[in-house]
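Structure first, then comments.
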Amino acid sequence: MRWSKALIPTHKEDPSHAETTSHKLMLRAGLIRRLTSGVYNYLPLGWRVVRKVEAIVREEMDRIGSQELLMPVVSPAELWQETGRWDVYGKELWRVHDRNGREFALGPTHEEVVTDIVRNEVRSYRQLPFTLYQIQTKFRDEIRPRFGVIRAREFIMKDAYSFHRDEDSLNETYRAMYDSYCRIFDRCNLNYRPVEAATGAIGGSASHEFMVLCDTGESEVIVCECGYAATDERAEGLIADVMPPEDPLLAEPVDTPGMKTIEDVSEFLGVESWRLIKTIVYVADGDPVVALIRGDRDINEEKLAGLLGASIVEAAPPDIVEKVTRAPVGFAGPIGLSEVRLVVDRSVEPLKNVVVGGNAVDVHIRNVNPGRDFVVDDYCDIAMIGKDDVCRQCGKSMGSFRGIEVSQVFKLGTKYSDSMKATFLNENGKAMPFVMGCYGLGISRTVAAIIEQHSDGAGITWPMSVAPFEVEVLAVKFKNEEVRAASERLYDDLRAAGVDVLLDDRHDSPGVKFKDADLIGIPIRVTIGERGLKSGILEIRMRKTGEQRDLPIEGAAAEIARIVEEARV
RNA sequence: CGGGGCGUGGCGCAGCCCGGUUAGCGCGCCUGCUUUGGGAGCAGGAAGUCGGAGGUUCGAAUCCUCUCGCCCCGACCA
């Protein structure tokens with residue numbers, strides 16, 4: 001490609017709307033342009049990178065025997081209603097309707113569609129196991145699109161689905177896919193880590209997310225030196241007991257006018273926040289539930305939902321809170337509640353003489369003792385675990401890091417095949433539901449994640465494997481006949497050698513070209529100018545390391561092609 | 001959805017509080033000449049219904065109302 005004919009619109013200044021490194025650089029280097037919130041054009045340079053990442057993904061999917069297909073973006077509402085996700089997925093499911101008012105979803109993921117294909121086409125256990133995948137545009141009407149393509153409403157994803165006769169077979173493919181993902185991210189030169197994850201709206205029994213380490217990442221991972229690593233939604237751990245031994249005192253109401261938050265009450269009464277019990281009313285699949293946790297901690301709604309076996313758990317609206325506690329929001333407590341399920345976190349068990357809401361306006365109760373003043377059937381783990389908590393596996397205190405979630409794999413089990421009646425016949429002629437796995441990988445997000453880890457003050461520093469071009473030939477003073485001839489020859493020779501090469505043949509000043517070269521970050525830059533030509537040399541420079549050396553023009557193309565070949569993964 | 005902020009040539013911004021002629025600046029773009037190893041110089045030029053609608057006023061980018069869009073912080077996920 002010749003730069004003079006290419007659409008590579010670079011910018012000297014940072015765009016005003018972008019915050020993160022990758023977002024700024026993708027805009028400045030002319031990889032993407034925003035069309036509307038969370039929706040992006042991929043310009044030629046950006047698209048080339050997407051294609052490179054896709055190629056790696058395809059190779060690795062093929063390697064484990066996964067077959068590529070293409071499913072439609074649009075799918076009918078009825079399919080989603082079969083599994084209940086038409087409702088469960090909520091507003092994030094991008095819904096459209098046709099001219100007759102019939103409803104459709106723009107696919108955010110394709111469990112329903114792929115299961116529909118398989119239930120119609122696969123009959124026998126002899127056909128199992130197999131894995132299907134596609135690379136396609138996905139739609140999620142995100143609450144808040146963010147960070148350019150990292151959280152977009154329209155994005156590119158590779159999604160794979162495996163079908164099995166039993167759990168053992170699923171486990172085998174799950175492992176193969178997990179290893180495949182490791183190879184993919186290794187080849188993209190990413191510093192990443194697979195961690196245990198919650199299953200969320202997709203469902204299933206086990207899940208891992210692949211996290212690319214990045215301080216501005218949106219996900220928090222809890223880690224322990226023993227090897228344990230899990231997302232904060234999923235992490236288990238022990239919350240250290242801070243309660244000193246105390247004799248139980250007599251519970252008594254206390255006036256707390258207008259004190260509605262843990263912070264208010266703890267300040268007003270002059271007690272530490274852990275000497276309170278946080279009481280939160282939730283609605284789980286339509287039914288109110290009250291959850292209790294120590295005052296300085298937060299409830300993990302994901303865990304609560306899992307414990308209750310509910311698909312939707314959300315904080316109750318004020319009218320439900322009032323109905324349940326007979327008081328406005330802010331004075332909920334466990335004492336005297338009836339006809340509502342109480343879920344109590346383990347952190348509450350050791351507490352003595354603590355403060356709870358009084359279930360009445362402007363009243364709290366102090367010196368409350370769990371078990372004595374209210375009944376606890378069972379203490380559970382519904383706590384959001386943090387980096388300062390203690391590992392359940394080894395007992396050491398844990399740490400945390402932030403990351404970008406580039407992929408997630410799930411063991412789905414029969415969740416979808418059950419609800420969609422997708423079955424095969426086993427050896428005994430008995431109809432069995434397919435055991436399924438699903439495996440997502442955000443292609444566009446991976447591109448952004450690569451930039452997050454591969455840039456410097458001057459621009460992007462692409463790894464060879466995903467760079468839009470492998471070599472940039474920068475002609476200083478392209479007008480000069482000798483420079484022009486030498487550049488053209490090298491350009492042709494490199495292309496003939498199978499190298500992706502960009503020729504900067506613009507008639508701009510050298511400064512402009514050098515700055516642009518740094519910005520778009522092609523791994524190898526070859527500079528050809530009058531100066532070097534006099535002595536028959538050109539200059540080759542590695543973008544990432546800044547390492548540079550002179551090369552005789554004779555045989556330069558072959559030498560450069562060799563270096564490129566070596567750097568390819 | 002709650003909180004905060006912003007919409008002025010392609011990009012980055014000033015002007016707005018305190019209304020007043022042809023709406024500025026830097027970058028970019030076009031033409032010509034000179035220049036060419038780290039964002040060149042000179043000369044000339046194109047490009048904006050000041051997000052939109054309504055209102056106040058002799059007069060609105062500026063004040064008021066409504067509306068649309070965008071970004072950031074929190075509840076969602078590849």
Side-chain angles (χ1 to χ4, degrees), chain A residues 9-20 23 27-28 30 33-39 57 89-93 107-110 135-160 181 197-202 207 209-212 217-219 231 233 298 301-302 312-315 317 403-410 438-449 458-459 474-480 483 506-519 525 527-533 538-539 541 548:
Chain A
T10 59
H11 283 307
K12 192 185 276 191
E13 287 167 289
D14 272 341
S16 63
H17 295 308
E19 297 289 320
T20 53
H23 191 194
L27 289 165
R28 279 191 61 203
R33 286 293 182 261
R34 192 192 69 217
L35 182 59
T36 186
S37 180
V39 178
V57 169
Y89 224 107
K91 286 186 177 171
E92 208 180 308
L93 186 64
T109 173
H110 281 236
I135 295 178
Q136 189 209 34
T137 299
K138 293 283 188 278
F139 293 83
R140 293 185 190 176
D141 195 359
E142 295 283 349
I143 287 170
R144 181 149 98 82
R146 223 187 310 209
F147 306 143
V149 302
I150 288 184
R151 175 164 304 283
R153 295 194 292 171
E154 174 178 332
F155 59 100
I156 305 167
M157 183 166 116
K158 188 276 317 186
D159 45 323
Y181 277 25
T199 53
I202 310 276
S207 178
E209 289 179 14
F210 285 73
M211 293 290 184
V212 168
E218 293 185 88
S219 307
T231 63
E233 294 167 335
D298 293 313
E301 291 172 21
E302 188 78 38
I312 305 177
V313 170
E314 46 194 7
I404 298 169
E405 179 200 342
V406 286
S407 72
Q408 185 166 12
V409 294
F410 299 83
C438 76
Y439 319 89
L441 190 157
I443 303 281
S444 36
R445 183 179 281 186
T446 296
V447 171
L474 192 157
V476 177
K477 201 172 170 184
F478 193 70
K479 257 186 185 165
N480 178 292
V483 170
R506 296 175 297 173
H507 295 288
D508 282 293
S509 71
V512 171
K513 296 173 133 188
F514 285 127
K515 291 289 184 191
D516 270 348
D518 288 344
L519 179 60
R525 186 188 80 195
T527 307
I528 298 181
E530 289 173 294
R531 213 169 64 185
L533 285 181
L538 45 73
E539 174 199 291
R541 182 185 172 91
Q548 74 180 56

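Computed from a prediction, not measured in an experiment: that's the story for all the values here. Protein chains get the first letters and strands the later ones, always in sequence-line order, with residue 1 at the start of each.
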### Message
Holding to side chain to side chain contact (heavy atoms under 4.5 Å, CB included), I want the full list of residues that pass it with A:Glu13, two or more places apart in sequence or in another chain.
### Response
none
#### Entry: Separation of A:Ile528 CD1 from A:Glu539 CD (nearest 0.5 Å)
11.0 Å
### Query
Of all residues at least two apart in sequence or in a different chain, which pass the side chain to side chain donor-acceptor pair (under 3.5 Å) check with A:Asp508?
none
### Task
Report which part of the nucleic acid A:Arg525 touches: base, sugar-phosphate, or nothing (heavy-atom distance under 4.0 Å, all strands).
base
### Query
Using purine N1 to pyrimidine N3 plus N6-O4 or O6-N4 for Watson-Crick, or N1-O2 and O6-N3 for G-U wobble, both under 3.5 Å, which nucleotide pairs with B:rC33?
B:rG41
### Query
Between A:Lys513 and A:Gly38, which is nearer to the 5' end of RNA chain B once each is assigned its nearest nucleotide?
A:Lys513
### Query
In whole angstrom, what separates A:Glu13's CD from B:rC25's P?
16 Å
### Summary
Per-nucleotide protein contact along nucleotides 73-78 of chain B, 5' to 3', at a 4.0 Å heavy-atom cut-off (B base, S sugar-phosphate only, - neither), is BBBBBB
### Task
Just call it for A:Arg28: base, sugar-phosphate, or nothing, with non-hydrogen atoms closer than 4.0 Å on any strand.
base
### Query
Considering only the P atoms, how many Å lie between B:rU57 and B:rU62, rounded to the nearest integer?
16 Å
### By salt bridge (Lys or Arg N to Asp or Glu O under 4.0 Å) - contacts of A:Lys158 (at least two apart)
none
### A:Asp14 (side chain) and B:rG12 (base): donor-acceptor pair under 3.5 Å
no
### Task
Sticking with atom C1', work out how far B:rG52 lies from B:rG69, rounded to a whole angstrom.
10 Å
### Query
Who passes side chain to side chain donor-acceptor pair (under 3.5 Å) against A:Ser207, sequence neighbours left out?
A:Gln408
Just the table, please: protein N/O against nucleotides 28-36 of chain B N/O, every pair under 3.5 Å.
unit_1	atom_1	unit_2	atom_2	d
B:rU36	O2	A:Asp508	O	3.4

### Query
Are any side-chain N or O atoms of A:Arg445 and backbone N or O atoms of A:Ile150, one a donor and one an acceptor, separated by less than 3.5 Å?
yes
### Query
Among all residues two or more places apart in sequence or in another chain, which pass the side chain to side chain contact (heavy atoms under 4.5 Å, CB included) test with A:Ala152?
A:Phe155
Pull out every protein N or O sitting under 3.5 Å from an N or O of nucleotides 43-45 of chain B, one pair per line with the distance.
none

### Message
With rounding to the closest Å, how many angstrom separate the C1' atoms on B:rU8 and B:rC70?
### Response
15 Å
### Query
Atom NE2 of A:His17 and atom C1' of B:rG5: how far apart are they, to the nearest Å?
11 Å
### Sugar-phosphate only, base, or nothing, as touched by A:Asn480 at under 4.0 Å among non-hydrogen atoms
nothing
### Query
Just how far, in rounded Å, is C1' of B:rC70 from NE2 of A:His23?
11 Å
### Query
Which value, in whole Å, describes the distance between the P atoms of nucleotides B:rU35 and B:rC42?
15 Å
### Query
What is the base-pairing partner of B:rU49, counting Watson-Crick and G-U wobble geometry with both distances under 3.5 Å?
none
### Task
Only counting residues at least two apart or in another chain, list the ones meeting salt bridge (Lys or Arg N to Asp or Glu O under 4.0 Å) with A:Glu233.
none
### Message
When both hydrogen-bonding distances must be under 3.5 Å and the geometry is Watson-Crick or G-U wobble, what is B:rG10 paired with, if anything?
### Response
B:rC27
### Query
Looking across every strand, which nucleic acid part, if any, lies under 4.0 Å from A:Thr446 by heavy atom: base, sugar-phosphate, or nothing?
nothing
#### Entry: Separation of A:Lys515 NZ from A:Ser509 OG (nearest 0.5 Å)
11.0 Å
### Task
Output all residues satisfying side chain to side chain contact (heavy atoms under 4.5 Å, CB included) with A:Arg28, sequence neighbours left out; order by chain, then residue number.
A:His11, A:Asp14, A:Pro15, A:Leu519
#### Entry: Counterpart residues, side chain to side chain contact (heavy atoms under 4.5 Å, CB included), relative to A:Lys477 (two or more places apart)
A:Asn480, A:Glu530
### Message
Can you see if the side chain of A:Ser16 gets near the phosphate of B:rC13 - specifically, an N or O under 4.0 Å from OP1 or OP2?
### Response
yes
### Summary
With sequence neighbours left out, the residues meeting salt bridge (Lys or Arg N to Asp or Glu O under 4.0 Å) with A:Glu142 are A:Arg151
#### Entry: Between B:rG38 (P) and A:Leu474 (CG): distance, integer Å
11 Å
### Query
For B:rC70, which nucleotide in any strand shown is its Watson-Crick or wobble partner with both distances under 3.5 Å?
B:rG5
